[in-house]
Amino acid sequence: MKEIIITKENEGQRADKFIRKFLNDAPLSFIYKVFRKKDVKVNGHWIKIDYILKINDVLRIYVTDEQLSEFNNPKPIEKVKFNHEIVYEDENILIVNKPRGLLVHGDSEEKRITLANQVLNYLYSKGEYDPKNSLGFTPAPAHRIDRNTSGLVVFGKTIKALQILLDMFKDKESLEKTYLALVVDKLDKTGVINAPLIKDSKSGLVHVDFQNKFAKTAISEYEVEQYFKDYTLVNVKILTGRTHQIRAHMKYINHPVVGDGKYGDFAVNKIFKNDFNFENQFLHARKIKFINAKEELSYLNGKTFVAKLNDDEAKIIKLLK
């Protein structure tokens with residue numbers, strides 16, 4: 001039998017999901033079996049599979065030592081460096097300024113060198129995370145930005161904080177997200193782009209389509225920060241969080257993001273490659289404002305967090321002046 005005291009880091013999870021993470025090598029049929037046989041109890045009482053765990057609950061899983069040894073095998077932390085700017089941190093959340101070129105999560109080509117793994121290393125080095133004693137929860141990002149977009153990424157350090165953050169990033173009324181983009185030619189001082197987007201499943205690209213009923217509402221507001229001779233530095237607020245929203249919207253209004261290899265002006269991109277050795281979209285997740293954070297994160301309401309530009313992007317702006 002294994003007894004676990006539920007802590008703040010792990011409360012708020014369904015019992016079956018918690019046990020699936022704790023017994024991470026157990027087949028799903030085994031998890032269902034322990035509930036069916038009433039081999040899971042909380043505070044001395046048998047519980048249903050959808051019971052929501054609370055802080056200080058005493059969870060008992062009636063498995064043998066052999067089963068525990070076989071099925072409880074925490075994944076080791078990949079050793080990678082962490083040298084990124086921490087914009088904000090407390091006991092619940094961590095906000096990191098991600099550099100351009102780094103994945104937030106792993107993909108089919110890269111699973112080790114990711115921001116998520118680097119953050120786990122950082123928390124492990126501080127003694128705030130240990131896979132052997134995590135009881136099924138792993139700190140994780142509440143959202144993602146493209147590999148070649150720099151800027152703010154928010155992590156939940158507890159299960160409750162992560163759940164609240166995940167809900168907030170789905171709700172446009174809870175957060176205000178602002179990006180900084182360098183675009184081709186001169187934009188009007190302010191504007192709103194209300195143009196639905198649909199993704200092409202073959203190419204992976206999105207485009208504006210007012211006719212297709214499956215196209216999703218996409219709204220971007222922008223305000224110019226600075227004009228240059230042939231370019232504009234602009235702040236863009238996204239009121240909806242669609243894939244490649246800013247990049248597709250800027251292409252739609254004929255002011256593509258500089259350096260964008262999918263939606264950009266390829267002649268301009270060549271200039272930036274030759275003159276500045278810059279080959280990716282000039283797009284930076286600059287600012288996040290918390291508006292309607294609930295429960296444990298309500299203290300964040302009204303707070304705004306800002307990430308400075310990466311050195312190479314800042315250098316380009318200085319040279320364009």
Side-chain angles (χ1 to χ4, degrees), residues 83-85 87 96-104 107 109-110 113-115 143-153 177-191 193 195 197 199-200 203-208 218 220-238 241-288 306-321:
N83 53 8
H84 313 307
E85 178 194 7
V87 176
V96 179
N97 186 2
K98 183 187 85 70
R100 180 171 49 86
L102 179 65
L103 286 167
V104 175
D107 61 13
E109 296 181 0
E110 178 59 73
I113 303 176
T114 67
L115 182 63
H143 62 117
R144 67 176 68 196
I145 57 177
D146 292 342
R147 179 178 198 150
N148 290 315
T149 297
S150 59
L152 297 172
V153 180
K177 294 175 284 182
T178 305
Y179 287 72
L180 188 67
L182 184 67
V183 301
V184 178
D185 294 329
K186 292 191 176 181
L187 278 170
D188 293 336
K189 190 67 177 176
T190 61
I193 309 168
L197 297 173
K199 186 175 183 179
D200 185 309
S203 68
L205 301 180
V206 301
H207 62 272
V208 171
S220 304
E221 295 180 349
Y222 68 82
E223 181 175 1
V224 170
E225 176 159 318
Q226 189 169 3
Y227 289 113
F228 304 106
K229 180 182 177 182
D230 299 309
Y231 310 100
T232 303
L233 189 64
V234 59
N235 288 291
V236 186
K237 291 181 183 178
I238 53 172
R242 308 304 180 199
T243 300
H244 298 173
Q245 177 174 319
I246 295 173
R247 298 162 67 188
H249 270 176
M250 287 301 167
K251 177 185 178 181
Y252 172 68
I253 64 171
N254 297 315
H255 294 280
V257 175
V258 165
D260 193 333
K262 293 183 176 180
Y263 304 93
D265 182 317
F266 299 124
V268 170
N269 293 353
K270 188 174 181 180
I271 292 171
F272 271 74
K273 179 180 178 181
N274 292 336
D275 292 356
F276 303 110
N277 194 29
F278 191 84
E279 297 186 65
N280 300 110
Q281 68 258 16
F282 196 117
L283 188 61
H284 179 67
R286 184 185 206 179
K287 192 183 300 184
I288 289 179
V306 180
K308 65 182 182 182
L309 280 174
N310 290 180
D311 290 343
D312 55 351
E313 295 162 333
K315 183 179 179 180
I316 288 172
I317 296 301
K318 184 177 182 179
L319 292 172
L320 287 176
K321 290 179 181 180

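Values in this document were obtained by computation on a predicted structure and should not be read as measured data. Basis for what follows: all heavy atoms, side chains included, without hydrogens, waters or symmetry-related copies.
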Note to self: F282 vs L233, test: side-chain contact (heavy atoms from CB on, under 4.5 Å). Steps then yes/no.
What the structure shows: CA-CA 10 Å; F282 196 117; L233 189 64; 4.3 Å; yes

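- Under the 3.5 Å distance criterion, the side-chain polar atoms of H207 are left unmatched by any main-chain donor or acceptor of D200.
- Interatomic distance, CD1 of I271 versus CZ of F266, reported as 14.0 Å (0.5 Å rounding).
- Atom CG in D311 sits 11.5 Å away from atom NZ in K318 (nearest 0.5 Å).
- Within the 4.5 Å cutoff, no side-chain heavy atoms of R144 are placed close to those of V153.
- The NZ atom of K98 lies 4.5 Å from the CD1 atom of I145; values are rounded to the nearest 0.5 Å.
- Looking at residues two or more places apart in sequence or on another chain, you find no salt bridge (Lys or Arg N to Asp or Glu O under 4.0 Å) involving R242.
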Next item on the list: For Y231 and F272, run ring-ring contact (aromatic ring centres under 6.0 Å, His included): C-alpha distance rounded to whole Å, both residues' side-chain angles, the deciding distance at 0.1 Å, then the answer.
Entry: CA-CA 12 Å; Y231 310 100; F272 271 74; 5.2 Å; yes

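- Between Q281 and D146, the closest side-chain pair of non-hydrogen atoms falls below 4.5 Å.
- At distances below 3.5 Å, not a single donor-acceptor pair connects side-chain atoms of T232 with backbone N or O atoms of V234.
- Within a 6.0 Å sphere centred on NZ of K189, other residues, nucleotides and ligands contribute more than 12 heavy atoms.
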Identify each donor-acceptor pair in which a side-chain atom of residues 181-188 lies under 3.5 Å from a protein atom, sequence neighbours left out, and give them as a table.
none

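- The CG atom of L309 sits 8.5 Å away from atom CG of N97, with the distance rounded to the nearest 0.5 Å.
- In terms of modelled atom types and a separation under 3.5 Å, the side chain of N235 and the main chain of T178 share no donor-acceptor contact.
- Minimum interatomic distance between G264 and P256 (heavy atoms only, all atoms of both residues): CA-CB, 3.7 Å.
- When side chains are defined from C-beta on, H249 counts as touching L197, because their heavy atoms get closer than 4.5 Å.
- Listed by first and then second residue, the side-chain hydrogen bond (donor to acceptor under 3.5 Å, both in side chains) pairs that reach into residues 261-276 are H244-Y263, sequence neighbours excluded.
- A donor-acceptor pair is defined here as one N or O able to donate and one able to accept, closer than 3.5 Å; such a pair exists between the side chain of H284 and the backbone of K308.
- Evaluated for a side chain to side chain contact (heavy atoms under 4.5 Å, CB included) with V96, the options L115, V104, L152 yield exactly one hit, L115.
- Interatomic distance, L102 CG to T149 OG1, rounded to the nearest 0.5 Å: 12.0 Å.
- Taking CG of L205 as the start and OG1 of T243 as the end, the distance is 11.0 Å to the nearest 0.5 Å.
- Remark: the backbone N or O of G101 is paired with a side-chain donor or acceptor of R147 at under 3.5 angstrom.
- Screening R286, E221, M250 for a side chain to side chain contact (heavy atoms under 4.5 Å, CB included) involving V236 leaves a single residue, M250.
- With H84 contributing its side chain and P99 its backbone, the two residues share no donor-acceptor pair below 3.5 Å.
- Scanning both residues, Q245 and S220, for their nearest heavy atoms gives NE2-OG, 2.8 Å.
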